[in-house]
*Asks:* 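I'd like to ask you about the structure that follows.
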Amino acid sequence: MALPVKHELSVIKIGQILTRYPFAATFFENNGIPADSNKEKSLDEYFSTIDETYKEDMAISQEHFTGQLEEYITQMLSFLGDTGTKVDSLTILPGHGKTGEPENFSHLTIKKNEIISIVGPTGSGKSRLLADIEWAAQNDTPTGRSILINNEQPDQKWRYSSSEKLVAQLSQNMNFVMDLSVHEFLELHAESRMISDRKNIIMKIIDQANHLSGETFDTETPITALSGGQSRALMIADTAILSSSPIILIDEIENAGIDRKKALELLISEGKIVLIATHDPILALMGNRRIVIKNGGIEKIIENTDDERSILTEIEIMDKKIQSLRRKLRNGEHLTTID
Amino acid sequence: MNLVTVSGPPSVGKTSVILKTIISLKSRGLKVGVVKFDCLYTDDDVLYEKAGIEVRKGLSGGLCPDHYFVSNIEEVVDWGLGKDFDLLISESAGLCNRCSPYINGINAICVIDNLSGIGTPKKIGPMLKSADIVVITKGDIVSQAEREVFASRVHSVNPKAVILHVNGLTGQGSFELSTLLYKENDHITSLKGKTLRFSMPAALCSYCLGETRIGESYQMGNVRKIDLGKN
Ligand SMILES: Nc1ncnc2c1ncn2[C@@H]1O[C@H](COP(=O)(O)OP(=O)(O)OP(=O)(O)O)[C@@H](O)[C@H]1O
Ligand SMILES: Nc1nc2c(ncn2[C@@H]2O[C@H](COP(=O)(O)OP(=O)(O)O)[C@@H](O)[C@H]2O)c(=O)[nH]1
Ligand SMILES: [Mg+2]
Ligand SMILES: [Mg+2]
């Protein structure tokens with residue numbers, strides 16, 4: 001599709017604009033211009049027919065509207081034409097800790113499908129590290145770190161584009177506030193991503209969410225009526241499958257009601273890079289490696305040892321037992337043995 | 001001195017975001033002052049003072065707060081220049097969603113929150129549509145999907161703006177915002193000759209002039225009637 005030219009946008013029929021750029025319908029609607037009933041007019045004609053009072057009331061000016069429309073179309077075309085920057089790796093280059101001492105590593109590269117955990121005391125700088133990644137720091141944040149994407153200096157778009165964010169964050173606080181059914185909600189999210197095959201992707205998300213939580217829900221359930229476990233499961237499945245962001249940050253995840261291992265597997269199976277700041281031993285060991293932060297700086301990067309891997313297997317078994325006790329209590333059963 | 005105007009509906013987190021952002025600005029050695037515009041009452045000046053920030057407040061009382069803003073911003077700029085600020089931030093509550101006292105050539109920030117509902121971006125007029133930077137707060141209480149949907153709605157009414165997510169409680173994102181607020185070559189020495197980005201509504205009726213009585217015969221000037229249809 002050709003790029004729009006501001007002058008041309010003013011003289012061709014609104015109907016032609018919509019034929020050429022179907023996605024512009026959203027722009028007309030959200031800016032209070034009824035496109036459907038004015039298809040036969042050009043913007044010049046439309047603006048000359050509406051009276052000054054209406055323009056005043058709606059705070060519309062032709063100059064401003066056309067300028068924004070041109071920008072919207074240009075951005076959308078580049079978004080749609082872009083097959084998406086594939087992010088295969090993320091590299092952190094060292095900066096310094098809170099008192100200026102240089103960080104003690106040469107570089108840290110994390111590949112897609114990899115999980116890395118971040119551990120360290122309160123106030124040590126875990127969230128700051130996550131923020132450096134999100135902002136694609138270039139030695140211009142308080143830590144002096146730099147971030148590379150695919151071994152190169154990242155595109156500025158990661159900072160300023162609203163449709164392409166480097167990072168998606170799973171909220172610690174997993175609530176929904178919108179007044180919609182599960183289906184309407186996913187439809188809306190898919191629409192905002194300009195996804196054409198919505199039906200299949202929505203089914204896939206609901207399947208995966210039901211798989212994670214174990215308590216199934218259907219598409220007509222209002223999202224605000226989901227249980228804690230169901231909400232978390234839906235959010236994780238939605239972020240894995242529908243979010244555009246190649247990197248997922250998790251700043252402590254609540255575990256009740258979902259299978260964390262399956263959740264992380266789902267995220268990496270969709271080609272994401274996952275970083276988890278956590279104090280939970282299971283999550284901390286689920287990564288391939290862990291970053292230890294002290295006093296604002298990365299102190300070391302530890303590979304999981306064989307001992308740790310077998311410890312993880314053991315604590316996962318313990319965790320399963322606790323989950324099973326919880327389930328029995330919830331169902332009103334007596335506890336007889338730990339099995 | 002740089003000037004930045006910050007607007008947004010009440011309680012979206014303007015003061016919280018400004019306070020967090022000033023921490024980063026101060027650590028760069030910049031001297032920052034704030035002026036708060038409101039209608040009837042504000043406690044924000046106390047919050048700014050507590051944080052050690054020089055602040056002045058202006059209450060519009062019975063006047064339209066945005067008209068009041070434009071009629072006073074020049075004096076405010078003179079005050080800031082006199083104080084030798086590097087950056088002066090004005091905070092004003094957008095009260096009617098229609099207006100916005102943004103000035104051409106002056107960095108304009110609109111703050112809105114994720115809780116206000118996805119229909120909100122299209123209801124807010126120039127305050128959102130002609131801002132240079134849109135800050136979205138309270139992302140901590142909603143899901144990733146809701147944040148993405150909300151941001152895409154904002155984008156569809158103001159594609160030119162930079163959209164940033166800032167958490168007013170933890171300050172996440174405020175360092176990043178601070179990098180967009182001060183530019184070495186954006187200094188102003190006066191607002192003379194500058195214009196508003198959008199005209200304010202023509203509003204001069206008898207009630208603007210203090211009329212309190214209800215009834216057709218007291219309504220003069222710019223009066224418009226609601227269309228209730230036929231029974
Ligand atoms: N290298 C650094 N240089 C300067 N300041 C830093 C550095 N690292 C972190 N900070 C600052 O230290 C403060 C605490 O860091 P942060 O919030 O990231 O800690 P945290 O590990 O996430 O803590 P919690 O466990 O409580 O969430 C922040 O204000 C952050 O900007
Ligand atoms: N959860 C949450 N609360 C916030 C956030 N930002 C501000 N608040 C709270 O929202 C309320 C209103 O904030 P305030 O800064 O006074 O809003 P203003 O009226 O726009 O200046 C306060 O209670 C803040 O603590 C945020 O990002 N997340
Ligand atoms: Mg933290
Ligand atoms: Mg305030």
Side-chain angles (χ1 to χ4, degrees), chain A residues 26-27 29-32 53 56-61 64-65 67-76 127-128 130-131 134-135 140-142 159-163 165 168-179 185-186 188-189 191-193 223 231 234-235 238-239 242-245 248, chain B residues 24 27 97-100 114-119 121-127 129-130 133-134 136 138-165 167 170-176 179-180 197-202 222 224:
Chain A
T26 318
F27 184 83
E29 193 202 322
N30 287 345
N31 285 283
T53 326
E56 282 256 315
D57 287 355
M58 300 298 292
I60 304 177
S61 88
H64 185 249
F65 179 85
Q68 292 275 39
L69 175 63
E70 183 190 18
E71 180 73 27
Y72 186 75
I73 294 174
T74 309
Q75 287 183 17
M76 279 302 175
S127 299
R128 184 63 249 167
L130 297 180
E134 190 166 3
W135 187 239
D140 57 358
T141 66
R159 284 192 177 179
Y160 301 119
S161 157
S162 65
S163 45
K165 289 266 168 232
Q169 190 165 356
L170 281 180
S171 333
Q172 222 172 83
N173 205 333
M174 299 239 201
N175 299 313
F176 287 108
V177 296
M178 286 181 186
D179 199 6
F185 172 74
L186 293 174
L188 201 63
H189 191 195
E191 188 191 298
S192 81
R193 296 278 336 277
I223 49 175
S231 297
L234 178 61
M235 277 187 207
D238 169 88
T239 303
L242 207 43
S243 172
S244 60
S245 308
I248 313 276
Chain B
S24 298
S27 71
N97 283 356
R98 158 61 178 78
C99 273
S100 135
N114 273 298
L115 301 179
S116 53
I118 45 171
K122 70 176 173 191
K123 287 187 228 149
I124 305 180
M127 181 164 77
K129 292 181 185 168
S130 63
I133 301 172
V134 178
I136 307 178
K138 305 191 189 177
D140 54 321
I141 1 195
V142 302
S143 62
Q144 170 69 21
E146 285 165 296
R147 286 193 292 270
E148 286 183 22
V149 171
F150 195 78
S152 99
R153 292 291 165 108
V154 170
H155 175 249
S156 77
V157 300
N158 188 349
K160 286 185 182 164
V162 170
I163 300 173
L164 289 180
H165 295 265
N167 181 326
T170 63
Q172 185 181 355
S174 61
F175 166 80
E176 289 72 13
T179 63
L180 304 178
R197 296 189 188 188
F198 246 98
S199 66
M200 298 194 175
N222 198 345
R224 204 185 308 158

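A note on names: the letters A, B, ... follow the listed sequences, proteins ahead of strands, and every chain is numbered from 1.
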*Asks:* What residue in B:L115, B:V134, B:N158 has the most heavy-atom pairs under 4.5 Å with chain A?
*Replies:* B:N158
*Asks:* State the OG1-CD distance between A:T141 and B:E176, to the nearest 0.5 angstrom.
*Replies:* 8.0 Å
*Asks:* Any salt bridge between B:K122 and A:E29, counting N to O under 4.0 Å?
*Replies:* yes
*Asks:* So which part of B:S130 gets closer than 4.5 Å to some heavy atom of chain A, the side chain, the backbone, both or neither?
*Replies:* both
*Asks:* Which residues pass the side chain to side chain donor-acceptor pair (under 3.5 Å) test with B:S156, not counting sequence neighbours?
*Replies:* A:N30
*Asks:* Verify side-chain contact (heavy atoms from CB on, under 4.5 Å) between A:Y160 and B:I133, making sure each step is shown before the conclusion.
*Replies:* CA-CA 10 Å; A:Y160 301 119; B:I133 301 172; over 6 Å; no
*Asks:* Considering only heavy atoms, which portion of A:F185 lies under 4.5 Å from any heavy atom of chain B: side chain, backbone, both, or neither?
*Replies:* side chain
*Asks:* Using every non-hydrogen atom in the two residues, find where B:V157 and A:N31 come nearest and quote the distance to one decimal.
*Replies:* O-OD1, 3.7 Å
*Asks:* Going by heavy atoms in the side chains, are A:M235 and B:Q144 under 4.5 Å from each other?
*Replies:* no
*Asks:* Relative to chain B, which segment of A:Q75 carries a heavy atom at a distance below 4.5 Å: side chain, backbone, both, or neither?
*Replies:* side chain
*Asks:* Quick check for you: to the nearest 0.5 Å, what is the distance between B:S143 atom OG and A:I223 atom CD1?
*Replies:* 6.5 Å
*Asks:* First locate atom CD1 of B:I118, then atom CG of A:L188, and finally report the distance between them rounded to the nearest 0.5 Å.
*Replies:* 4.5 Å
*Asks:* Look only at the side chain of B:E146 and the backbone of A:M178, and say whether a donor-acceptor pair between them is shorter than 3.5 Å.
*Replies:* yes
*Asks:* Under 4.5 Å from any heavy atom of chain B, what part of A:D140 do you find: side chain, backbone, both or neither?
*Replies:* backbone
*Asks:* Of the listed residues (A:H189, A:Q68, A:R193, A:R159), which shares the most heavy-atom pairs with chain B below a 4.5 Å separation?
*Replies:* A:Q68
*Asks:* Can you list the steps and then say if B:E148 with A:S192 is a side-chain hydrogen bond (donor to acceptor under 3.5 Å, both in side chains)?
*Replies:* CA-CA 8 Å; B:E148 286 183 22; A:S192 81; 5.5 Å; no
*Asks:* Which answer fits A:I60, side chain, backbone, both or neither, if we ask what part of it has an atom under 4.5 Å from a heavy atom of chain B?
*Replies:* backbone
*Asks:* With a 4.5 angstrom heavy-atom cut-off, which part of B:R197 approaches chain A: side chain, backbone, both or neither?
*Replies:* neither
*Asks:* Does the side chain of A:Q169 come within less than 4.5 Å of B:R147's, by heavy atoms?
*Replies:* yes
*Asks:* For the residue pair B:Q172 and A:S127, confirm or rule out a side-chain donor-acceptor distance under 3.5 Å.
*Replies:* no
*Asks:* Is the A:H64 ring parallel, tilted or perpendicular to the B:F198 ring (thresholds 30°, 60°)?
*Replies:* perpendicular
